[in-house]
Student: 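Pasting a structure here, questions to come.
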Amino acid sequence: MNNTVQIPKYESLIKPQAWLLNMDFFNQYAMLVRHRIAQGKDLSNLVESIDSEAYLSAALGKKINYDRDSSLYYSKASNQKRVAIIPIQGTLTKRGDLCSYGMRDYGAMIERANESENIDSILLDMETPGGTVDGTAELGLVIKNSEKPVLAYGDTMVASAGIWLASQAAEIWGNKNNPTEFGSIGVLYAHQNWSAYIQNNIGSITIFRAPQSVDKAKINSVEELTPELEKEIGEELRVIADQFIQTVKIGRGDRLSTGNENIFSGKMYPSKKAKKMGLIDFQGTFQNAVDRAGLLAKRQSRNSNANIQSNNKMGLLDKWLSSADAGADGEETVAVPTAELSQLKADLQSAQGKLKAAEDEKVQLANELKNEKALKEAAEQKVESLEHSVSEKDARIQELEKEPAAVATTAVASEDPDSQEQENKYETSADKRLAEARKKINLN
């Protein structure tokens, strides 16, 4: 009997730790790895050796350029902006292992792109089932705080840790020509229990701890988990899941429109549904994404990646319009989502119509107010005139009130020649003046 146990070269992939990983991928890959371990085979031949330049050239269908200043490959967008291409593929770990660079390597690439004067924006070419919790939040912050715009392009699968990272980019695109899924927003913990294998191949293993070290390595691969430890693991996973959910919500902002769908349960969604719910922004070709990344570079500013993330629907309309303008030379640049664009254009026209109606109403009200002011001034002038007239009448009344109550009269002898009576007839002096006036009139 062989009593030796071969220690896997790539132990970081199977050691106990929390993962932001698509479960289907994990199950398939775990079976493969365990089978090879059981057969005593080396895992090194599982490592993918990728010729980056050849791979990227094939993906873009054109020759990829190499920037010696940043040690990055890049492609030119339709507006001649230089877009750094960073392939984030395979299972993600902080320092790299089986299928990809480490997340710290990707962070260093993004930082070099930001420091290089030869790079205008960044495109993350993503095809990943996810990876470890360790390193994900750190890389997410590098993407979010990038001074140059970052766009994420998903092909086949962008799951778990992958969607955490992609949600921190300015925009997320899906490959319209290849079935691609997004999601698996959740956390799992893989606990390997090797006790049966050890018992069958080696014998029993007993772990002794110092009296002062009762909590030392209580979670390991040769001892059963107690209910208390399972509860502790569950609580730690809950905290990580909450952080995951909040990160995606903040990164996607008001673009999320999930309705009654709970996208935070670990479910995967095809591109079309993911786009409808706002989990991604667009579908297009890889070249569309490169050209779009070039257009985002035109709005570059400090922390521009975070600024672009916060755009509302009107901001997205502006982006789509500018993207459409960039393709005026006939070259396909961006797959403009026609239905959404048409609806936003209609909303914009409706808003402009309402604004014009409000402005017209404002002008009309201003004219009415002006007329009302004129009428008020005329009325005030009329009141003032009437008040002046009343004042004059009051003054006249006061003058009349100052005169004697009756006109003074004196008795005089009547000189009426027509009088038939011989005795004298008396009349007032007022009557006499009236008679004299009548005579004058008759004489005239």
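Here the structure is a predicted model, which means the values were calculated and not measured.
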Student: With a 4.0 Å cut-off, would you call R112 and E115 a salt bridge?
Tutor: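 The answer is no: the pair does not qualify as a salt bridge.
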Student: Does any non-hydrogen side-chain atom of N288 lie less than 4.5 Å from one of R292?
Tutor: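 Not in contact.
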Student: Could you tell me whether the side chain of S389 and the main chain of S385 form a donor-acceptor pair under 3.5 Å?
Tutor: no
Student: Is K94 salt-bridged to D134, cutoff N-O under 4.0 Å?
Tutor: yes
Student: If you look at every heavy atom in A77 and V290, which pair is closest and at what distance?
Tutor: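 A77 and V290 have their closest heavy atoms at CB-O, 3.5 Å.
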Student: Are I88 and Y106 packed together at the side-chain level, in the sense that at least one heavy-atom pair is separated by less than 4.5 angstrom?
Tutor: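 Yes, side chains in contact.
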Student: What's the shortest heavy-atom distance between A113 and L72, and which atoms?
Tutor: CB-CD1, 3.7 Å
Student: Of the options E181, K276, E261, which is the one that meets Y269 in a side chain to side chain donor-acceptor pair (under 3.5 Å)?
Tutor: E261
Student: Report yes if the distance between the aromatic ring centroids of F244 and W164 is under 6.0 Å, otherwise no.
Tutor: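 Aromatic pair counts; centres sit under 6.0 Å.
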Student: How would you list, by chain and number, every residue that makes a salt bridge (Lys or Arg N to Asp or Glu O under 4.0 Å) with E111, sequence neighbours excluded?
Tutor: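 Applying salt bridge (Lys or Arg N to Asp or Glu O under 4.0 Å) to E111 gives none.
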Student: Return yes if some donor-acceptor pair links the side-chain N/O of S116 with the main-chain N/O of N118 below 3.5 Å, else return no.
Tutor: yes
Student: Check whether any side-chain heavy atom of I263 sits under 4.5 Å from a side-chain heavy atom of M277, and report yes or no.
Tutor: yes
Student: Kindly indicate whether the side chain of R95, heavy atoms from C-beta on, has any atom under 4.5 Å from the side chain of M103.
Tutor: no
Student: What are the two closest non-hydrogen atoms of T136 and T132, and how far apart are they?
Tutor: OG1-O, 2.6 Å
Student: For the residue pair L279 and R252, what are the closest heavy atoms and their distance?
Tutor: O-NE, 3.3 Å
Student: Has the side chain of D105 got a donor or acceptor atom that lies under 3.5 Å from a matching backbone atom of Y101?
Tutor: no
Student: Distance from Q168 atom CD to I250 atom CD1, nearest 0.5 Å?
Tutor: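 That separation rounds to 8.0 Å.
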Student: I want to check something: taking the side chain as every heavy atom from C-beta on, are N65 and Y73 in contact at a cut-off of under 4.5 Å?
Tutor: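 Contact flag for N65/Y73 side chains = no.
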Student: State plainly whether the residues R255 and D281 are in salt-bridge range, i.e. N to O under 4.0 Å.
Tutor: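 Salt bridge: yes.
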Student: Grab the two heavy atoms, one from A137 and one from Q243, that are nearest each other, plus how far apart they are.
Tutor: CB-NE2, 3.9 Å
Student: Which residue, F182, F286, W173, forms the ring pair (Phe, Tyr, Trp, His ring centres under 6.0 Å) with Y153?
Tutor: F286
Student: Would a 4.5 Å heavy-atom cut-off, applied to side chains only, mark K231 and E235 as touching?
Tutor: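 No, every pair of side-chain atoms sits at 4.5 Å or beyond.
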Student: Just by modelled atom types, is the L229 backbone N or O under 3.5 Å from a matching donor or acceptor in the T226 side chain?
Tutor: yes
Student: Show your working on side chain to side chain contact (heavy atoms under 4.5 Å, CB included) between V83 and I122 and close with a plain yes or no.
Tutor: CA-CA 5 Å; V83 181; I122 302 164; 6.0 Å; no
Student: Kindly give the heavy-atom pair with the smallest separation between P87 and I85, and that separation in Å.
Tutor: CD-O, 3.6 Å
Student: Is there a donor-acceptor contact under 3.5 Å from the side chain of D120 to the main chain of A297?
Tutor: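 Side chain of D120 to backbone of A297, a donor-acceptor pair under 3.5 Å: no, none is there.
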Student: Could you go through the side chain to side chain contact (heavy atoms under 4.5 Å, CB included) check for V150 and L124 one step at a time?
Tutor: CA-CA 7 Å; V150 179; L124 306 179; 3.7 Å; yes
Student: Report yes if the side chains of R104 and L139 come closer than 4.5 Å at any heavy-atom pair, otherwise no.
Tutor: no
Student: Would you check if the side chain of N220 reaches a backbone N or O of A217 as a donor-acceptor pair within less than 3.5 Å?
Tutor: yes
Student: Given T285 and K176, is the side chain to side chain contact (heavy atoms under 4.5 Å, CB included) satisfied, shown in steps?
Tutor: CA-CA 6 Å; T285 65; K176 72 173 184 179; 3.7 Å; yes
Student: Would a distance-only check, ignoring hydrogens and angles, find a side-chain to backbone donor-acceptor pair under 3.5 Å from T180 to T156?
Tutor: yes
Student: Heavy atoms, side chains only, cut-off 4.5 Å: are K81 and K76 in contact?
Tutor: no
Student: Out of curiosity, S121 OG to K148 NZ, how far, rounded to the nearest 0.5 Å?
Tutor: 9.0 Å
Student: List the steps and the verdict of side chain to side chain contact (heavy atoms under 4.5 Å, CB included) for V248 and I185.
Tutor: CA-CA 9 Å; V248 173; I185 301 174; 4.2 Å; yes
